[in-house]
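To start, the structure itself, in structure tokens.
Convention: sequence-line order gives letters A, B, ...; per-chain numbering from 1.
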Protein chains: 2
Amino acid sequence: MNTESVLARLSALADKSRFTILQIMAKGAIGTCCDRIEAYENGCCVADVVAVTGLSQPTVSHHLKTLEKVGLVRKEVRGPWTCYFPNPEAIEELINALRAELYPSGKCDVDIQGGCCS
Amino acid sequence: MNTESVLARLSALADKSRFTILQIMAKGAIGTCCDRIEAYENGCCVADVVAVTGLSQPTVSHHLKTLEKVGLVRKEVRGPWTCYFPNPEAIEELINALRAELYPSGKCDVDIQGGCCS
DNA sequence: CATCGATATCGATGTTTGTGGATATCATAT
DNA sequence: ATATGATATCCACAAACATCGATATCGATG
């Protein structure tokens with residue numbers, strides 16, 4: 001995972017609305033109106049998120065698109081509904097990247113232009 | 001860790017400049033100009049970050065303050081220098097929170113107002 | 001106490017982005 | 001084909017924020 005992707009996922013997660021969407025997906029908090037999503041799938045359609053969050057439909061569509069673009073959710077059209085499903089692997093990748101990039105005493109792979117005295 | 005703190009840390013991490021600052025701290029990429037920081041401490045003073053990133057001094061001070069406010073770095077005044085040190089525990093806490101909040105099939109602790117059909 | 005180096009704060013600016021109303025698109029059923 | 005429900009896109013607006021020049025504050029030193 002390159003730094004750009006890490007930053008994109010962090011930005012996607014850092015918004016309250018999007019974080020809430022992922023939470024309710026993860027917790028199975030949505031009794032979906034879409035008759036093509038099984039409970040174990042932890043998925044939801046756009047209207048579900050609108051109902052639970054109180055956000056407008058365009059806003060929800062926009063957030064889901066953002067989450068999909070960075071790989072945090074997977075999109076699947078099922079009949080008239082567009083269904084979204086969480087992608088735990090993306091979170092795991094992000095966690096691994098954070099550990100690799102931000103934990104002290106790793107080898108230096110940053111371009112150093114020298115300290116202020118060099 | 002409450003959701004508010006998680007979002008604050010994610011926002012702090014999601015900025016390219018701040019992420020870079022944490023990277024160069026973690027990797028020990030700074031040959032510091034401050035004579036009171038030992039190499040093993042992975043710390044740096046403000047001027048070091050200015051030199052390495054090319055950002056202005058006010059911008060660097062602002063970013064370091066942001067990082068400190070959310071607990072990602074620790075601040076310590078040593079003589080004429082203000083030194084900053086990474087705090088790996090904050091990242092670990094964040095990782096644990098992400099796993100707890102966003103991994104599917106946990107118990108639901110989100111306030112549900114019902115799906116769109118309820 | 002006066003000066004100097006280091007950092008923090010202030011104020012302004014330009015960009016990004018979250019939001020929602022209006023509208024278009026898409027899939028399905030009749 | 002036409003209508004209807006579901007979602008995506010377009011557009012505009014407002015709030016948040018990254019950035020930096022100017023200035024203030026703070027610590028050390030002579």
Atom-to-atom span, [atom1] of [X] to [atom2] of [N] - whole angstrom:
X	N	atom1	atom2	answer
A/Arg36	D/dT7	CZ	C1'	15 Å
A/Leu67	C/dG18	CG	C1'	13 Å
A/Lys65	C/dG18	NZ	P	14 Å
A/Lys16	D/dA16	NZ	P	14 Å
B/Leu64	D/dC20	CG	C1'	16 Å
A/Leu10	C/dT17	CG	P	14 Å
B/Asp35	C/dG5	CG	P	16 Å
A/Asp15	D/dC17	CG	C1'	14 Å

Heavy atoms only, 4.0 Å cut-off, all strands: where does [X] land among base, sugar-phosphate and nothing?
X	answer
B/Thr82	sugar-phosphate
A/His63	sugar-phosphate
B/Lys75	sugar-phosphate
B/Arg78	nothing
B/Pro58	base
B/Ser56	base

Of the listed nucleotides (D/dT19, C/dA8, D/dT7), which one gets closest to any side-chain atom of A/Val46?
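Given the options D/dT19, C/dA8, D/dT7, the side chain of A/Val46 is closest to D/dT7.
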Which nucleotide in C/dT7, D/dA8, D/dT19 has an atom nearest any side-chain atom of B/Thr59
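Side chain of B/Thr59 sits closest to D/dT19.
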Along DNA chain D (nearest heavy atom to each residue), the more 5'-positioned of A/Trp81 and A/His62:
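Result: A/Trp81.
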For D/dT19, does either OP1 or OP2 sit under 4.0 Å from a side-chain N or O belonging to B/Ser17?
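Yes, within the criterion.
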Just to confirm, is there a sub-4.0 Å distance from OP1 or OP2 of D/dA6 to any side-chain nitrogen or oxygen of A/Tyr84?
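No, no such contact exists.
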Do the side chains of A/Arg99 and B/Ile95 get nearer than 4.5 Å, heavy atoms only?
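B/Ile95 reaches A/Arg99 side chain to side chain.
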What about A/Gln57, does its side chain sit under 3.5 Å from the base of D/dA8 through a donor-acceptor pair?
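Flag set: donor-acceptor pair detected.
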Rounded to the nearest 0.5 Å, how far does [atom2] of [Y] lie from [atom1] of [X]?
X	Y	atom1	atom2	value
B/Leu22	B/His63	CG	NE2	11.0 Å
A/Glu76	A/Phe85	CD	CZ	5.0 Å
A/Ile21	A/Gln23	CD1	CD	11.0 Å

Determine whether more than 12 heavy atoms belonging to other residues, nucleotides or ligands lie under 6.0 Å from atom CD of A/Glu89.
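Result for CD/A/Glu89: open.
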Could you tell me which nucleotide pairs with D/dG30 by Watson-Crick or G-U wobble geometry, both distances under 3.5 Å, or answer none if nothing does?
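Partner of D/dG30: C/dC1.
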Quick one: do A/Lys27 and B/Glu101 make a salt bridge, cutoff under 4.0 Å?
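No.
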